[in-house]
Amino acid sequence: MPDDFEKIEAVFRELVRERHLALDSEEADMLAARLISLFQSGIHDHEALKQTAEFL
């Protein structure tokens, strides 16, 4: 499970940096929730998570 969190966190931090979001912003919260949902739905690949999250 810690590895799962690290995968999600890596994508989250990358997207937050690219989008210039504050970590405590509402958009960052929604992004985190989206990434967790995508991961739980079976998307575990870094690039796939990132690409899918970008289009939501």
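In this text, all values refer to a predicted model and were calculated from it rather than measured experimentally. Note: hydrogens, waters and symmetry copies are ignored here, and every other heavy atom, side chains too, is used.
Residues satisfying the salt bridge (charged side-chain N to carboxylate O under 4.0 Å, His left out) test with Glu18, not counting sequence neighbours, are Lys50. A search for side-chain contact (heavy atoms from CB on, under 4.5 Å) contacts involving Ala48 returns Ile43, Asp45, not counting sequence neighbours. For His44, the side chain to side chain donor-acceptor pair (under 3.5 Å) test picks out no residue, with sequence neighbours left out.
When all heavy atoms are compared, the tightest approach of Ala28 to Leu23 is CB-O, 3.7 Å.
A continuous path of hydrophobic side-chain contacts links Leu31 to Ile36 [ILVMFWY only; heavy atoms under 4.5 Å].
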Next on the checklist: For a side-chain contact (heavy atoms from CB on, under 4.5 Å) check, start with the C-alpha distance between Glu14 and Val11, then their side-chain angles and the critical distance, and finish with the verdict.
Outcome noted: CA-CA 5 Å; Glu14 198 171 311; Val11 176; 5.7 Å; no

- Determine, stepwise, if the pair Arg34 / Thr52 fulfils side-chain contact (heavy atoms from CB on, under 4.5 Å). CA-CA 9 Å; Arg34 233 180 289 157; Thr52 306; over 6 Å; no

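Here salt bridge (Lys or Arg N to Asp or Glu O under 4.0 Å) pairs that include residues 22-33, with residues two or more places apart or in two chains, number zero. Residues in residues 3-25 take part in no ring-ring contact (aromatic ring centres under 6.0 Å, His included) pair, two or more places apart or across chains.
Side-chain contact between Glu9 and Leu35: absent, with no pair of heavy atoms (C-beta onward) separated by less than 4.5 Å.
At least one donor-acceptor pair closer than 3.5 Å links the side chain of Ser41 to the backbone N or O of Leu38.
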